[in-house]
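Structure record follows, encoded as structure tokens.
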Amino acid sequence: MEFNVKSGSPEKQRTACLIIGVSQPRKLSRAGKLIDRVSDGFLSTLIRRGDMDGKPGQTLLLHHVPGTLADRILLVGCGKDKDMNEASYLKIQDSLSTALDNIGAMEAYSYLTDIMIKGRDIHWKIRQTVIQMEKNRYHFDQLKSDKKEPPKGLRKLVMNVPSRRELSTGENAILQGNAISSGINLAKDLGNLPGNICTPTYLAEQAIRLDKTFPAVVTEVLEEEDMLKLGMGSLLSVSAGSRQPAKLIAIEYHGGDDEKPITLVGKGVTFDSGGISIKPGASMDEMKYDMCGAASVLGTLTAIAEMQLPINVVGIIPATENLPDGMATKPGDIVTSMSGQTIEILNTDAEGRLILCDALTYADKFDPDVVIDIATLTGACIIALGRTPSAVLGNHSPLVNDLISSGKKVEDKVWELPLWDEYQDLLKSNFADIANIGGRDAGTITAACFLSRFTKKYKWAHLDIAGTAWITGDKKGATGRPVSLLTQYVLDRLES
Ligand code: BES
Ligand code: MN
Ligand code: ZN
């Protein structure tokens, strides 16, 4: 879809559809009042009769309103002014998007940008509108013979800015919105692709494609023999049961000067059967989503590279399958990680931490400013927090707090769980330096405790996205989270 910004009076716009907000109870927005004046009270009469109350999500389509040049006016309910916040703004854009799909207009002009949200400016409103519209248009039918026809509805959305001075701000917001949407869509596509297509090799090819597309991106792919030389016994213990070769993908985005990079490490298990500690059959197909951390790293790098942000970012993706096989790692096996620490693998289904720990040790090579890992790491995370926030844990509270605040801004929420020393004891092993599981208690925290043994050299935060990376049930599909959060974190770093 095409987006644009303009500045002007609503009654003067020649457009197929003007979009005007009405808040509760029965209150016209600024643009609505202007239309009302030129139409001799057309809108206020209609509202007085009770046709449009302003309830959030309510819409009303009007044709040829007197005194205007637009073919149609779409009134959109915005709810009570005092209830307006980031989430309700996005819901309104969502209902707008659905309403626009059901009318004939190919192009529309929105004045919903005059809605007031505490702490959010015109840039935010325009950017998030673009992202929300693109989210609603996403569909994944690459693998169906019967492809959905491209929607006939809206092709172009113009958004109003209060004055001409804000036009360039608006244009930048559209650019960012489009870039972030590309990142989200890539993350969704990779997540939704099945394990027989989206293999570790496929992920590596995606990273190489980024290298070819963006001059500022350099990708390097390590093979199993390279990992062996580096001593990555933990990562290799997971791929031992798979016939697809593991890949360790490193993507460097060079947008800044010589400052240390923000480093993102994404779990890329392209299918997690559990290995010898095999999972039960129900919903096992969803373990194709066990590479959504990796997908979010590729998505975030895409967004950053498209925006050409002046900052350095490194993405590291350990990619492998986790399958049972004659060569597979067995419960009780002990391996040596790249850090030198030995690990007793008591459960081969706790494989995410086994690949991440070597990737986190490898990350040190890039002299990172901060390291953030992103992983569909524990089912326990869904038990603890449900599917609304991702969990965040880390060894540096300013970093954790920055992630929480960036997430709030873009409705990609994270919630902190404690990483207190007391929990470390749960990982004791009788035979190695550390066990790979900690028992039934506090599963998300003990997983993070495990990772913390490998992140002592830098500021680090861990995002557990087990509950947020995809939706289960009849709307099954990847969400693209936390691309929004990570991109916002990078943008916020540039501003501070
Ligand atoms: N990929 C899973 C975690 C997961 C499960 C995410 C369900 C989303 C939905 C991970 O590799 C795993 O299997 N974790 C185990 C850890 C346990 C063996 C300590 C789990 O959560 O059961
Ligand atoms: Mn597992
Ligand atoms: Zn897993």
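Just follow the structure's listing: the first ligand is 1, and inside any ligand the first atom is 1. We count residues from 1, following the sequence as given.
- For the pair Lys279 and ligand 1, a heavy-atom separation below 4.0 Å is found.
- Within Asp272, the N/O/S atom positioned nearest the Zn ion (ligand 3) carries the name OD2.
- With a 4.0 Å cut-off on non-hydrogen atoms, Asn322 does not touch ligand 1 at all.
- Heavy-atom contacts of Ala466 reach the following atoms of ligand 1: 6 (C), 8 (C) (cutoff under 4.0 Å).
- The atom of Asp290 nearest to the Zn ion (ligand 3) is OD2, with the search restricted to N, O or S atoms.
- For ligand 1, the atoms lying closer than 4.0 Å to a non-hydrogen atom of Lys267 are 1 (N), 10 (C), 11 (O).
- Proximity of atom 22 (O) of ligand 1 to the protein is not indicated, since no non-hydrogen protein atom lies closer than 4.0 angstrom.
- With respect to Glu205 and Lys212, no salt bridge is recorded, no charged nitrogen being found less than 4.0 Å from a carboxylate O.
- Contacts between Met284 and ligand 1, counted as non-hydrogen atom pairs separated by less than 4.0 Å, are absent for every part of the residue.
- With hydrogens left out, the protein atom closest to atom 10 (C) of ligand 1 is Leu377 O, 3.3 Å, a heavy atom.
- At least one heavy atom of Trp470 sits under 4.0 Å from some atom of ligand 1.
- Under the 3.5 Å distance criterion, the side-chain polar atoms of Gln341 are matched with a main-chain donor or acceptor of Arg453.
- Close approach of ligand 1 to Glu351 (heavy-atom distance below 4.0 Å) involves ligand atoms 11 (O).
- Within 6.0 Å of atom CG in Asn102, more than 12 heavy atoms from other residues, nucleotides or ligands are found, so the atom counts as buried in its surroundings.
- In Glu351, the N, O or S atom that comes nearest to the Zn ion (ligand 3) is OE2.
- Look at Lys147 and Asp141 and you find no salt bridge, because none of the NZ, NE, NH1 or NH2 atoms lies under 4.0 Å from a carboxylate O.
- Angle OD1 (Asp349) to the Mn ion (ligand 2) to OE1 (Glu351): 120°, rounded to 10°.
- Under 4.0 Å from ligand 1, heavy atoms of Asp349 appear from its side chain as well as its backbone.
- Close contacts of ligand 1 with Thr376, meaning ligand atoms under 4.0 Å from a residue heavy atom, involve 1 (N), 2 (C), 3 (C), 6 (C).
- Heavy-atom contacts of Asp290 reach the following atoms of ligand 1: 1 (N), 11 (O) (cutoff under 4.0 Å).
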